**Student:** 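Attaching a single structure in structure tokens format; questions to follow.
It should be emphasised that the depicted structure is a prediction, and the values quoted were computed from it without experimental measurement.
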Amino acid sequence: MSWYRNWFGTRYYALLYGHRDLQEAASWARMILGRWDLGTGAHVLDVACGRGRHAALFLAEGMQVTGVDISTESIADAREAVPDAEFIVHDMREPLADGGFDAAYCLFTSLGYSRSVADDRRIFRNVADALRPGGRFVVDFMNTRKVLRDLVPQECLSIGNVRFLIERVLEDGVLVKRITVLDGEVEHRFEERVLTLMPEDLTAMAEEAGLVIEDRTDGPVPEPFNEATSSRFVLWSRKPA
């Protein structure tokens, strides 16, 4: 079973990434809405939507939101938190609805989870197919070269009464994060595995899917992307009209 099926949707995942809260999500939503004049009623696709924190913000702006995620638990939480949006359990490597979306976003390093780059190419094609002509797509990924340069091999975090022992290592082009959770007398082990996709890799995938590159920035503050200093690589693209 893929690592994300065991890890996403657990309360420990939500606890470890609790800093990814509504305030942080609002920064991303403001950046996207500030660059795209989508308008009331625009249909927006939230790719790898998680528990729906971004979807809630776009919905509040009067947009129609459809969120897709592979985690049944995350989708259940999203439906409860944002009942007026549409949430679907869906593997984004599989085709999405054709041609109806005005915009799509994929945030928080939600690509590179498979061992095959072909899967990520397929995701770009699926999103491109789901967009109407002129529709836009933004992808937020780690600034891989900076992450590898500044890699912290080991880390220990205490959040509430739970301890997280984290080990990071590069294995055959995959950034592996091994997470040991100590919750009282109970120990759990989880893992994250992300392909070390570079900015040029993601750019090529977007272009191969027929998308036109509009910009490359950091995020959530949309400063120009700088390979040495940017914390994120944010790729802005458009489906030709």
Side-chain angles (χ1 to χ4, degrees), residues 2-4 28 31-32 35-36 38 42-50 54 65-70 88 90-148 170-176 192-220 222-228 230-241:
S2 301
W3 62 265
Y4 41 82
W28 284 96
M31 179 180 71
I32 294 170
R35 294 176 66 95
W36 293 345
L38 295 175
H43 200 172
V44 180
L45 176 64
D46 187 340
V47 183
C49 64
H54 299 100
V65 183
T66 298
V68 298
D69 199 283
I70 200 169
I88 303 168
H90 182 81
D91 186 335
M92 59 189 177
R93 293 171 295 185
E94 299 299 324
L96 298 159
D98 286 342
F101 290 95
D102 299 291
Y105 55 86
C106 182
L107 306 177
F108 191 29
T109 307
S110 296
L111 299 172
Y113 292 173
S114 168
R115 296 179 181 180
S116 172
V117 175
D119 284 341
D120 295 296
R121 293 193 181 100
R122 190 175 297 115
I123 292 167
F124 272 95
R125 289 196 299 270
N126 290 340
V127 174
D129 288 343
L131 293 173
R132 64 165 179 79
R136 290 181 162 88
F137 182 34
V138 61
V139 173
D140 158 49
F141 200 75
M142 62 183 173
N143 179 3
T144 304
R145 288 192 176 88
K146 183 177 184 297
V147 167
L148 295 178
L170 180 65
E171 294 180 352
D172 298 324
V174 177
L175 182 58
V176 181
E192 296 179 8
R193 303 181 68 87
V194 181
L195 288 174
T196 52
L197 300 172
M198 299 297 172
E200 58 268 26
D201 297 325
L202 295 167
T203 299
M205 290 178 193
E207 291 176 336
E208 289 168 5
L211 299 170
V212 176
I213 306 304
E214 292 189 322
D215 203 0
R216 301 167 181 82
T217 70
D218 199 346
E223 299 174 347
F225 175 70
N226 184 306
E227 191 173 276
S230 292
S231 60
R232 309 295 299 172
F233 173 66
V234 184
L235 182 67
W236 305 82
S237 61
R238 172 179 48 84
K239 184 173 181 175

**Student:** If you look at every heavy atom in Leu235 and Ala206, which pair is closest and at what distance?
**Tutor:**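 The answer is CD2-CB, 4.0 Å.
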
**Student:** How close do Gly210 and Pro240 get, counting heavy atoms only, and between which atoms?
**Tutor:** O-CD, 3.1 Å

**Student:** Specify the closest pair of heavy atoms between Gly112 and Asp120, including all atoms of both residues, with the distance to one decimal.
**Tutor:** N-OD1, 2.8 Å

**Student:** Test of understanding: with salt bridge (charged side-chain N to carboxylate O under 4.0 Å, His left out), list the residues that count as partners of Arg121, not counting sequence neighbours.
**Tutor:**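 With sequence neighbours excluded, Arg121 shows a salt bridge (charged side-chain N to carboxylate O under 4.0 Å, His left out) to Glu208, given in chain and number order.
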
**Student:** In chain order, what residues pass the side-chain hydrogen bond (donor to acceptor under 3.5 Å, both in side chains) check against Arg35, with sequence neighbours excluded?
**Tutor:** Asp215

**Student:** Between Met142 and Leu175, is there a side-chain heavy-atom distance shorter than 4.5 Å?
**Tutor:**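 Of all side-chain heavy-atom pairs linking Met142 with Leu175, at least one is under 4.5 Å.
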
**Student:** To the nearest 0.5 Å, what is the distance between OG on Ser230 and NZ on Lys146?
**Tutor:**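 One finds 8.5 Å between OG of Ser230 and NZ of Lys146.
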
**Student:** How would you list all residue pairs meeting ring-ring contact (aromatic ring centres under 6.0 Å, His included) that involve residues 116-140, not counting sequence neighbours?
**Tutor:** Phe124-Phe137

**Student:** Measure from the side-chain N and O atoms of Asp201 to the backbone N and O of Met198, and report whether any donor-acceptor pair falls under 3.5 Å.
**Tutor:**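 Yes, Asp201 side chain to Met198 backbone: donor-acceptor pair under 3.5 Å.
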
**Student:** Testing the basics here: between Glu227 and Asn143, what is the closest heavy-atom pair and its distance to 0.1 Å?
**Tutor:** O-ND2, 3.0 Å

**Student:** Report yes if some heavy atom in the side chain of Pro199 is under 4.5 Å from a heavy atom in the side chain of Phe225; otherwise report no.
**Tutor:** yes

**Student:** Under the side-chain contact (heavy atoms from CB on, under 4.5 Å) rule, collect the residues that match up with Ala228, sequence neighbours excluded.
**Tutor:** Arg149, Asn226

**Student:** Could you go through the side chain to side chain contact (heavy atoms under 4.5 Å, CB included) check for Arg136 and Leu38 one step at a time?
**Tutor:** CA-CA 10 Å; Arg136 290 181 162 88; Leu38 295 175; 6.0 Å; no

**Student:** Going by an N to O cut-off under 4.0 Å, is there a salt bridge joining Arg145 and Glu200?
**Tutor:** yes

**Student:** Please tabulate, for side-chain N and O atoms in residues 92-106, each donor-acceptor pair with protein atoms closer than 3.5 Å (sequence neighbours left out).
**Tutor:**
| unit_1 | atom_1 | unit_2 | atom_2 | d |
| --- | --- | --- | --- | --- |
| Arg93 | NE | Asp91 | OD1 | 3.0 |
| Arg93 | NE | Asp91 | OD2 | 3.2 |
| Arg93 | NH1 | Asp119 | OD2 | 3.4 |
| Arg93 | NH2 | Tyr4 | OH | 3.2 |
| Arg93 | NH2 | Asp91 | OD2 | 2.7 |
| Asp102 | OD1 | Arg132 | NE | 2.5 |
| Asp102 | OD2 | His43 | N | 2.8 |
| Tyr105 | OH | Asp46 | OD2 | 2.9 |

**Student:** By the ring-ring contact (aromatic ring centres under 6.0 Å, His included) test, which pairs, at least two apart or in different chains, include something from residues 199-219?
**Tutor:** none

**Student:** Applying the side chain to side chain contact (heavy atoms under 4.5 Å, CB included) criterion to Val139, which one of Thr203, Leu111, Val127, Leu107 satisfies it?
**Tutor:**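 Testing each of Thr203, Leu111, Val127, Leu107 against Val139, the sole residue satisfying side chain to side chain contact (heavy atoms under 4.5 Å, CB included) is Leu111.
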
**Student:** Taking the six-membered ring where the residue is Trp, are the ring centres of Phe141 and Phe233 under 6.0 Å apart?
**Tutor:**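 That pair fails the under 6.0 Å test.
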
**Student:** Could you tell me which residues satisfy side-chain contact (heavy atoms from CB on, under 4.5 Å) with Leu170, sequence neighbours excluded, listed by chain and number?
**Tutor:** Leu148, Thr196

**Student:** For Met31 and Gly219, which heavy atoms make the closest approach, and how far apart are they?
**Tutor:** SD-CA, 4.2 Å

**Student:** Find out whether Val117 and Met205 are in side-chain contact, i.e. whether some heavy atom of one side chain is under 4.5 Å from a heavy atom of the other.
**Tutor:**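 They are in side-chain contact.
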
**Student:** Please identify each residue that fulfils salt bridge (charged side-chain N to carboxylate O under 4.0 Å, His left out) with Glu223, with sequence neighbours left out.
**Tutor:** none

**Student:** Looking at every heavy atom in both Gly67 and Cys49, which two are closest together, and how far apart are they?
**Tutor:**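 Taking Gly67 first and Cys49 second, the nearest heavy atoms are C-SG, 3.6 Å.
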
**Student:** Quick one: side-chain contact (heavy atoms from CB on, under 4.5 Å) partners of Glu171, sequence neighbours excluded?
**Tutor:**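 Per chain and number, Glu171 pairs via side-chain contact (heavy atoms from CB on, under 4.5 Å) with Val169, Val176, Arg178, Arg193.
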
**Student:** Return each pair, listed once, that meets side chain to side chain donor-acceptor pair (under 3.5 Å) where at least one residue sits in residues 232-241; pairs must be two or more places apart or across chains.
**Tutor:**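 As it turns out, the side chain to side chain donor-acceptor pair (under 3.5 Å) pairs with a partner in residues 232-241, which skip direct neighbours, are Thr109-Arg232, Asp140-Arg232, Glu214-Arg238, Thr217-Trp236.
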
**Student:** Are side-chain heavy atoms of Tyr113 and Ile70 found at a separation under 4.5 Å?
**Tutor:**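 No, too far: nothing below the 4.5 Å cut-off.
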
